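To start, the structure under review is shown below, and the notes come after it.
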Amino acid sequence: MSNLNGWGLTARLISKHFGVLGDKVSEAIANFDPETATEADRDRLAATLRESAQKLATARASFDKEHNDVIKLRELIANDEKASSTLADRLASGKISESTVSLFCDELEANKARLPLELQEEADAQQYMNELQTIVDAFSKQLAEFDAAAKKAMQNLASAKAQKDLQTMRVERQSQLSSLSGMQGQSSALNALTKRAQTVSNEAAGMRIVADIGQKPLDQAAEIDAIRKSVGQADTAGETTLQRLQRLSGKATETSVAA
């Protein structure tokens, strides 16, 4: 992987600060691929990250101590240099002994000689702290990449499951619709009932035609009989009461014959 070159400095720092274990850790982290890493790989990185973070916390405290020692030593040297300018007058006036001044000068010279060492210790502590910070950042980055890849994979899995469920539902609905359509278009019972209804309808129409043919002469005969009856009956619409009595008693007939 291309990460190997980029991890060169970090791998050397890991090997330096973690010894033999650091060689294995640096190799693992240099070849760490979040796309193919397992949960066990992540757990190992997380454990090493915690150890590195503890070392970093200790290194920070050590650097703070070394830095404060340098500050205090510089302040002491600066104050002693200011005081030394007045010691000659006090020594000449007998206000201070020569042995005391000599001891003061010895301490000032020793402090000045110790300052480069303190500065180097401060620089070493700072370098150690920075190297551990680089290692912690590297582990943090790898874990973040793993978690991001895992989250993406989970999202893709969830999306795939959702798509599968959707397609399964669509197939089931299509199957149900196809089944219902088949029942509607291919039901033998329904077809038989439809044909039977049509046959009965045709038979009823035929019987009506026959009945109409047989009924026509009867209707014609009844009509002729009604005509005959209407002719044979006298028109009594305008007769008087006397004429009605005469008609009912038969006198009207006799009167008509006599006339």
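Only heavy atoms go into these numbers, but all of them, side chains included; no hydrogens, no water, no symmetry mates. Throughout, residue positions are numbered sequentially from 1 according to the sequence presented. Bear in mind that the values here come from a model prediction, so they are computed numbers and not experimental data.
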Check Arg74 with Glu118, please: is the shortest side-chain N to carboxylate O separation under 4.0 Å?
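No salt bridge links Glu118 with Arg74.
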
Under a 4.0 Å N-O cut-off, is there an ion pair linking Arg60 with Asp64?
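Judged by the 4.0 Å cut-off on N to carboxylate O distance, Arg60 and Asp64 do not form a salt bridge.
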
Of Thr134, Val136, Asp137, which meets side-chain contact (heavy atoms from CB on, under 4.5 Å) against Leu56?
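Only match with Leu56 under side-chain contact (heavy atoms from CB on, under 4.5 Å): Val136.
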
Spell out, as yes or no, whether a donor-acceptor pair under 3.5 Å connects the side chain of Thr58 to the backbone of Gln54.
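Between the backbone of Gln54 and the side chain of Thr58 there is a qualifying donor-acceptor contact (under 3.5 Å).
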
Any side-chain to backbone donor/acceptor pair from Thr168 onto Lys164? Under 3.5 Å, distance only.
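Flag set: sc Thr168 to bb Lys164 pair under 3.5 Å.
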
Qualifying side-chain hydrogen bond (donor to acceptor under 3.5 Å, both in side chains) pairs with a residue from residues 96-109, counting only residues at least two apart or across chains:
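Non-adjacent pairs meeting side-chain hydrogen bond (donor to acceptor under 3.5 Å, both in side chains): Ser97-Ser99, Ser97-Thr100.
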
Pairwise distance [atom1]([X]) to [atom2]([Y]) - rounded to 0.5 angstrom:
X	Y	atom1	atom2	value
Lys141	Leu143	NZ	CG	12.5 Å
Met129	Gln126	CE	CD	5.5 Å
Asn79	Ser84	CG	OG	11.0 Å
Arg114	Leu76	CZ	CG	8.0 Å
Gln142	Ser140	CD	OG	10.0 Å
Ser62	His67	OG	NE2	13.0 Å

Could you tell me which non-hydrogen atom of [X] sits nearest to which non-hydrogen atom of [Y], and how far apart they are?
X	Y	answer
Leu132	Lys55	CD1-O, 3.4 Å
Leu108	Ile77	CD1-O, 4.0 Å
Phe63	Ala125	CA-CB, 3.7 Å
Asp80	Phe104	O-CZ, 3.3 Å

What residues, two or more places apart in sequence or in another chain, satisfy salt bridge (charged side-chain N to carboxylate O under 4.0 Å, His left out) together with Glu121?
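Listed in chain order: nothing, the list is empty.
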
Should Gln127 and Glu131 be marked as a side-chain hydrogen bond (donor to acceptor under 3.5 Å, both in side chains) after you check the CA-CA gap, both sets of side-chain angles, and the distance that decides it?
CA-CA 6 Å; Gln127 180 181 0; Glu131 289 175 354; 3.1 Å; yes

Heavy-atom distance under 4.5 Å between the side chains of Phe146 and Leu45, does that happen here?
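Side-chain contact under 4.5 Å: no.
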
Full working for side chain to side chain contact (heavy atoms under 4.5 Å, CB included) between Arg42 and Asp147
CA-CA 9 Å; Arg42 186 196 185 281; Asp147 291 341; 2.7 Å; yes

In the single-linkage hydrophobic clustering (I, L, V, M, F, W, Y; side-chain heavy atoms under 4.5 Å), do Leu119 and Tyr128 co-cluster?
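No, Leu119 does not connect to Tyr128 through the hydrophobic network.
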
